Structure formats: structure tokens, C-alpha cells
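Model, not experiment: these values are computed from the prediction.
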Amino acid sequence: MKYRHRVLSLLFLLSIITYLDRVCISVAGPRMQADLNISPERWGWVVGAFTISYAVFEIPSGAMGDRIGPRAVLTRIVIWWSAFTSLTGAVTNYFLLLLTRFLFGAGEAGAYPNSSSSISRWFPTAERARAHGFVWMASRIGGAISPLLVVPIQQRYGWRASFWVFGVVGIIWAVVWFVWYRDHPSQKPGVTRREMEEIGAGAKPPEHHGLPWRRVLRSGNLWTIMLMYHTYCWGAYFYLSWLHTYLQKGRGFTENAMAIWSTLPFIVGACANLLGGTLSDILVRRYGLKVGRRTVGSLGLGLAALFMFATAMTPSMTAAAVFLALGYGSMDCMLPVAWAVCLDVGRKYAGAVTGAMNMAGQVGSFLSSVAFGYLVKAFNDYNLPLIPMSAMLLLSALLFVRIDPTRQLVPEEAPAPVPVSHA
């Protein structure tokens, strides 16, 4: 196995753990709301507290990974969030829960930008969307198995125990990552000259200077990427914050039925991430970056808008669950493409650029999670709030068509060739 594929295997496991921890609170939501006496609008602030702190610290954490490398930064991130995952299981009231989730988000910020930075260092351009597809596919696997693990633990030991168990898993990953991973292929013993050439990596890590923010913030391309991801997250974060409550309270599924049906969107999403990333890379090789990135991204988001609207309109609980799964799969075809676009335009600043995009997205996640709770209270209905989310996904699809992945934010020279020894 090539070393870059071993790196991808570790990032794959990280993404599973990330979503086990994230989705855990959504699955536990109905029990936590009952135990701590939390109303729908206040629960919106609980799930939103994570996203707002996550958004604030995305760019600093991503830029730190560019500067000192994802080895140290991801180790810090995973240890931090694992601690606060466990602490979530110890809260005794609403305000402590808000604080814990806020600090959880602050610590986890930068996880995916640093994964992206690692991909930019270890993978050539024509393999990056597929690599991101594997990473995001893993996140959906984590989301799919989370209810199957959390519900039995909660039914036997209570909702608190599930947070304690998942906190330990993250610590184990952090230790393995720090011991094995290196920030550049040239620093890892065993990487062959041929693989270095395939990656396009220089003989030594390039010097890194901070991203010239005054220059890049004048780029309409960057703002389009950020706005596209912001509007996308209005629809996407529903699946992490409200899906399980929606299926139980909005559609009448029992807890055990919810545990099964709520896995479906993540299973479809896992396959769609791999499909979208692979298809984009194929189109890039045949037709170039613009066609390869724009086609998959815009079509996926457009279909997601259609399926979310259909979910709101159907009277059938089964059809609603199926439409939700198809919607998540459609938008997940876009996901690895969006992150690959950040590498296309950001290059060695991949951590900072993906951090900027994800920051804008998490602001959308925060607004949608809070707004959903208030809309449920205002309309006494769980379906109507899906309609504005559908509209935001449609806007995101239109924005994706305007992104130019060929326009680098900071043009850079080609990497130095790998010296060939004639000894």
C-alpha cells in the first residue's frame, strides 16, 4: 500500500470518530430534552452553540495547520474534543450543556481543514476530490452507525454513558496519529522516489508564509465559495442537529424505528461522497477543472433542494425518510468537490482556505439550527421549516456554477523536482 493511502486510512478513521461524536448528541436529543427539561427553541441553541464556536475558530485552526503542520494540530484538536465529548455526559443543566457544547466546537474547529491540508501535501491534484470523497464517506459511516451504537447504550445505561464511551475512542486515534504521521512525504521513511513524483512533492517541505488576507479577501471567487457553503449548510446541518428529533416528534417514528431509518441518509451519503469525488476527478482529467468541479457540485445541490422540498410536502412518513436520504446523498455528491475546490484555489494555503469556507458554512449551520427550533414553535409543525432550507440549497447550486477552480488565490511556482540519485 502506498504511503499516501495509509495517510488516507487514518483520516478515514478520524472522520468516522468525528461524526460519531457529533451525531451522538442528535441521537440522544429526545432523551436529553426530556431529562433536562429543554424546549425545542432552547434545544436549537444547544446544537447551535457548537457551530458558532466551531465557525469562529475554523480559520485560526486551519491556518495553524498550514504553518506548523496537521500532525501537531490534529493531535491537539482530537484530544480537546474527546475531553468535551466525555464532559457532555456529565452536565446537569441547560446552561452547563450550552457551555460544554460551545467549548466542544472551539476545540474541534479545524479538524477537516487540517485533514484537507494533509491531503494537499500527500495527494496530487487529480486524486484530491476522490481522497476527500473517502474522508467524507467515512463521516457518513460514523453518522450511520451512531444511532445503532448510541440507542442500545442509552437504553441500558442512560444517555450520559454514550458520551463517555466515544470520548475514549478519540484519544486512542490521537496517539496513533502523532506517533506515525509526518507532515510531508519527504519526512516519512519508506516513501519511494516514484511516489514522491506521483504526488508532485518537492524534496523537502516548502517554506510557508501566512496567507495574504488583504489580497485574497478581494477575490470574488473566495466569497462565492464561502457563500455557496454557507447556504449549503442551512440544509446539511439539519441532519446532524434535528434529524432524529424530526423523525420521532415530527413524523411519529418510535425510538427503535428512528434508530434504523436515521441511518439511511448517512448510508446513502457515504456512497454519494465516494461517487461525487471519483466522478469529479474523472471529469477533471477529461474536460478540465471547471467542468469537473462545477458539474458535480451544482447538480448535487439542485437535486438536494428538490428532495428536501418533497420531504416537507409528502404526508407519508416512509416517503419522508426516503426523500431525506436521497436529499442527503445528492448534497453529499457535492461535498468532496467543494473541499477539492479549496485545494485547487488555495494550494499550500489549503488549511486557511478550507477554514474560511467551513467558517462561513458553520455560521449557516448555527442560524439554521436555531431558526428551525423557533419555526417549529411558531408553526407547531416540523415540516414547514424544511421549505426555506430547500430554497437555500437551490441558491447554493446556482452559486456553485460561478466558482472558478482554475483561479488560484495566490499563484505559486511549481514544486522543485525530486532529485534523482545515480549512485
Side-chain angles (χ1 to χ4, degrees), residues 1-24 54 57 61-62 64-89 104-123 127-128 130-146 149-150 153 162-192 195-196 199 201 205 270 273-274 336 339 350-351 354:
M1 179 186 289
K2 294 178 180 178
Y3 272 79
R4 65 181 182 272
H5 297 146
R6 300 179 194 183
V7 171
L8 188 58
S9 297
L10 279 176
L11 296 176
F12 185 92
L13 291 174
L14 172 65
S15 197
I16 290 178
I17 297 167
T18 301
Y19 269 68
L20 280 174
D21 291 347
R22 287 191 190 184
V23 177
C24 183
Y54 191 85
F57 290 96
S61 296
M64 184 182 296
D66 289 338
R67 188 171 64 254
I68 68 174
R71 181 187 181 216
V73 177
L74 274 177
T75 301
R76 189 275 303 166
I77 286 172
V78 178
I79 290 174
W80 179 297
W81 100 48
S82 298
F84 280 95
T85 295
S86 296
L87 286 172
T88 301
F104 179 103
E108 188 173 322
Y112 283 104
N114 275 276
S115 293
S116 201
S117 179
S118 182
I119 289 173
S120 74
R121 296 162 187 248
W122 279 87
F123 284 83
E127 295 182 14
R128 289 173 179 173
R130 183 172 58 179
H132 276 102
F134 273 100
V135 170
W136 287 106
M137 177 181 70
S139 74
R140 286 11 182 185
I141 293 173
I145 65 178
S146 184
L149 297 175
V150 173
I153 292 173
S162 57
F163 291 98
W164 299 334
V165 170
F166 291 148
V168 174
V169 176
I171 299 295
I172 296 172
W173 183 93
V175 172
V176 174
W177 173 260
F178 187 78
V179 170
W180 185 86
Y181 177 78
R182 294 298 179 268
D183 287 321
H184 191 269
S186 64
Q187 299 171 332
K188 184 66 181 175
V191 177
T192 64
E195 184 170 9
M196 292 275 286
I199 294 170
N273 269 289
L274 186 57
W339 286 75
T354 52

Is there side-chain contact between Val7 and Tyr181, with at least one heavy-atom pair below 4.5 Å?
yes
Between Ser117 (side chain only) and Pro113 (backbone N and O only), is there a donor and an acceptor less than 3.5 Å apart?
no
Test side chain to side chain contact (heavy atoms under 4.5 Å, CB included) applied to Leu14 and Trp173, step by step:
CA-CA 7 Å; Leu14 172 65; Trp173 183 93; 3.6 Å; yes
Any idea which heavy atoms bring Ile77 and Ala111 closest together, and the distance?
CD1-N, 3.8 Å
Trp122 six-ring face occupied by Lys2 cation (under 6.0 Å, within 45°)
no
Please report the closest heavy-atom contact between Ile119 and Arg128, naming both atoms and the distance.
CG2-CG, 4.1 Å
Picking from Leu149, Val169, Thr85, what satisfies side-chain contact (heavy atoms from CB on, under 4.5 Å) with Leu20?
Leu149
So, Thr192 versus Tyr3: side-chain donor-acceptor pair below 3.5 Å or not?
no
So, does Ser146 use its side chain to make a donor-acceptor pair with the main chain of Gly143 at under 3.5 Å?
no
Going by heavy atoms in the side chains, are Trp180 and Leu10 under 4.5 Å from each other?
yes
Quick one: does Glu108's side chain get under 4.5 Å of Phe84's, heavy atoms only?
no
Please name the pair of heavy atoms, one in Leu11 and one in Ser115, separated by the smallest distance, quoted to 0.1 Å.
CD2-OG, 3.7 Å
Residues that Arg4 engages under salt bridge (charged side-chain N to carboxylate O under 4.0 Å, His left out), provided they are two or more places apart:
Glu127, Glu195, Glu198
Mind checking whether Trp136 and Tyr19 have parallel, tilted or perpendicular rings, split at 30° and 60°?
perpendicular
Test side chain to side chain contact (heavy atoms under 4.5 Å, CB included) on Thr75 and Trp80 and set out the steps.
CA-CA 9 Å; Thr75 301; Trp80 179 297; over 6 Å; no
Rounded to the nearest 0.5 Å, how far apart are CZ of Phe134 and OG of Ser139?
13.5 Å
Looking only at heavy atoms, what is the nearest atom pair of Met196 and Val191, with distance?
CG-CG1, 3.9 Å
Please give me the minimum heavy-atom distance between His132 and Ser116, naming the atom from each residue.
NE2-OG, 2.9 Å
Which atom of Ile153 lies closest to which atom of Ser162, heavy atoms considered
CG2-N, 3.7 Å
With sequence neighbours excluded, residues passing side-chain contact (heavy atoms from CB on, under 4.5 Å) with Trp164:
Ser86, Arg160, Ala161
Derivation of the side chain to side chain contact (heavy atoms under 4.5 Å, CB included) call for Phe163 and Leu87
CA-CA 8 Å; Phe163 291 98; Leu87 286 172; over 6 Å; no
Considering only heavy atoms from C-beta outward, does the side chain of Leu8 approach that of Phe12 to under 4.5 Å?
no
Could you walk me through whether Trp177 and Ile172 pass the side chain to side chain contact (heavy atoms under 4.5 Å, CB included) test, one step at a time?
CA-CA 9 Å; Trp177 173 260; Ile172 296 172; over 6 Å; no
For the pair Ser118 (side chain) and Pro70 (backbone), establish whether a donor and an acceptor sit closer than 3.5 Å, ignoring hydrogens and angles.
no
Give every residue pair that meets the salt bridge (charged side-chain N to carboxylate O under 4.0 Å, His left out) criterion with at least one member in residues 171-183, sequence neighbours excluded.
none
